[in-house]
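What follows is one structure encoded as structure tokens, with my remarks underneath.
So that the names make sense, note that chain A is the first sequence line, chain B the second, and so on, each numbered from 1. Just so it is clear, the model here is predicted, and its values are computed rather than measured.
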Amino acid sequence: MILIAERINAGFKDIADALREREKGPVQEWARRQAGQGADYLDVNIGAISKEPSDMRWMVEAVQEAVSTPICVDSTRVEVLKAGLNAGDGRPFLINSTTADPGKLEQVVPLAAEHGASLIGVAMDQRGSPQDVDRRVENAAQIFAVATDAGLSPEQIFLDPILMPVRFMQEQGPNVLEAITQYTMLSDPPPHISVGLSNIRSQTSQKKLIARTFAVMAMARGLDAAICDVMDDGLLDAIATAELVLNKEIYSDAYLKAFRMKKGAS
Amino acid sequence: MAMTIPEAKRNWTGKINSVTIGAGSEDGGTRTSVITVGGATSLPFYHFEGEFPHRPVVAMEVWDVPAEEWPEVVQEPFADVMGDPGAWAQKCVEEHGADLIALRLQGCDPSGADRSPEEAAKAARAVLEAVGVPLVVWGCGNVDKDNDVFPAVAEALSGENCLLGTITEDNYKTLTALGTAYGHKLIAESPVDINIAKQVNILALDAGYPMENLVMYPSTGALGYGIEYVYSIMERSRIAALQGDKAMALPILCDLGVQVWKAKEARASADELPGWGDVAARGPMWEAATAYTYLVAGADVLVMRHPQAVRATRKAIERLMGEGGQS
């Protein structure tokens with residue numbers, strides 16, 4: 001499971017304040033903490049408070065000073081993504097994200113190809129978020145086709161079927177799971193399949209339990225990446241256990257420790 | 001019409017650890033040769049796919065006491081040196097080309113000669129001084145006695161970067177401490193059980209002993225005696241390691257002489273088994289065939305006994321490494 005750590009996001013007040021004050025401390029502290037948990041990528045998002053490419057550059061540089069973990073630049077704005085990529089020091093990058101909107105694909109896919117970055121493709125289009133399985137698959141297939149045409153390998157492509165809050169859109173749960181199954185059939189080897197895990201738990205009374213439960217159910221269908229709360233040890237334990245059950249890891253009594261070791265957790 | 005042959009190569013992400021045994025003078029030891037094993041980036045001998053920077057090696061077994069329980073066929077080549085571990089080791093290196101000497105402190109066994117830690121240390125020093133190759137040192141297999149013996153032995157071999165064994169799931173604290181204190185590598189043993197193999201490696205790490213200093217010993221079955229179980233465990237652990245499982249990315253040692261020479265196929269005379277041929281040829285062949293099987297399963301260190309089997313195995317390693325002759 002590829003863990004993309006979600007916490008360096010100006011949607012959180014401490015990160016928003018840090019960005020406004022150009023105070024690296026909190027950004028770097030979260031970079032270290034999440035890297036220490038074994039994150040494969042650190043998501044970096046300047047949030048709704050800023051549209052400035054220079055803010056993304058500053059944040060990426062701050063993270064790079066603190067840790068060597070790969071970075072996931074997260075923005076709906078192409079200029080912001082570009083600034084993040086240009087600030088890169090040579091470590092692997094993941095772009096979050098493109099949609100199936102042709103105008104968006106046209107701009108973001110070449111960016112991934114040019115920088116040798118991986119790319120998250122969210123299965124929405126100009127009409128918005130899909131409400132059924134078919135459009136989730138159609139949009140993902142469209143993104144996959146454009147990205148592979150541009151030279152990206154399946155290993156560089158992360159398809160996101162769009163997870164929705166269970167509290168408000170309960171009927172979408174099964175649709176997301178079915179879309180994941182279908183994504184695994186797009187190619188051999190298949191592309192990565194990723195979700196924004198915390199979406200599902202929004203405004204619920206059992207946030208952690210709901211995220212963990214969805215994670216293991218989706219892993220059984222083929223999910224192999226998630227933007228998630230890597231500080232939740234219970235989530236990491238659930239993921240490690242799901243990998244055992246799926247025969248992706250060899251059992252040992254200390255398998256929870258082995259999982260963290262494999263992730264390079266400190 | 002031209003057929004396209006599908007690409008069969010795999011891109012593994014993992015790599016087997018490289019482990020060096022023995023220390024030369026520049027590293028504070030006295031060895032004239034040191035051995036590095038491991039480093040593979042693919043399944044055994046898939047030269048088209050990965051790198052094999054270090055070839056598998058053969059350690060020849062030497063005892064601190066005469067190996068009277070060995071069958072005649074394998075005692076005979078050492079008849080003149082049994083009882084003198086130094087001379088025995090020398091013979092293995094000079095006449096039979098052993099890459100390492102595996103000293104088994106069988107004489108310490110309480111149900112046998114019950115020799116003291118000091119006597120064991122003396123035997124270890126005698127072997128160390130007699131040869132320039134690195135040493136592997138095994139206890140007698142009695143856990144309590146081995147824990148008494150190893151402090152003296154590890155100290156007597158201090159700084160020589162020997163390979164000591166074994167640690168197990170239930171007994172790892174003494175040797176991990178000694179390995180750290182006196183600069184030795186360790187053998188992590190498990191009873192034909194991949195889950196325990198992984199567990200022992202993690203336990204050693206928990207005890208502060210780096211996994212990069214361990215060699216894994218998954219137990220050995222002789223040809224005809226469970227070899228397929230061990231083979232599949234070695235194969236599975238190697239695949240897991242190449243897929244990135246660091247707790248499985250250890251070089252593998254197979255202590256096979258001890259198992260082979262218990263098998264009736266290697267011991268029984270032609271009188272007892274009519275039609276099976278002369279045991280003087282059959283025994284070494286049984287050992288060589290067992291060794292070959294473990295080589296292709298992924299063994300990095302083979303602990304063996306009979307000079308003819310060792311010779312055949314060394315040739316097989318050359319061929320498998322593409323170092324001459326047909327591969």
Would the number of heavy atoms belonging to other residues, nucleotides or ligands and lying under 6.0 Å from [atom1] of [X] be above 12?
X: B:K185; atom1: NZ; answer: yes
X: A:K263; atom1: NZ; answer: yes
X: B:E228; atom1: CD; answer: yes
X: A:D149; atom1: CG; answer: yes
X: B:Y231; atom1: OH; answer: yes
X: B:E51; atom1: CD; answer: no
X: B:Y292; atom1: OH; answer: no

Structural part of B:L205 lying under 4.5 Å from a heavy atom of chain A: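 The side chain, not the backbone.
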
Chain A contact via B:E169 - which portion, at a heavy-atom distance below 4.5 Å: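 B:E169 touches chain A through side-chain heavy atoms alone.
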
Taking every non-hydrogen atom, the tightest pair across B:A247 and A:M261: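 Heavy atoms only, the tightest pair is CB-CE, 3.6 Å.
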
For chain B, which residues of residues 226-259 of chain A have heavy atoms nearer than 4.5 angstrom: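 Within residues 226-259 of chain A, near chain B: A:N247, A:E249, A:I250, A:Y251, A:S252, A:D253, A:A254, A:K257, A:A258.
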
Pairs of heavy atoms under 4.5 Å with chain A: top-ranked of B:I194, B:V200, B:D193, B:N195: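 Of B:I194, B:V200, B:D193, B:N195, B:N195 has the most heavy-atom pairs under 4.5 Å with chain A.
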
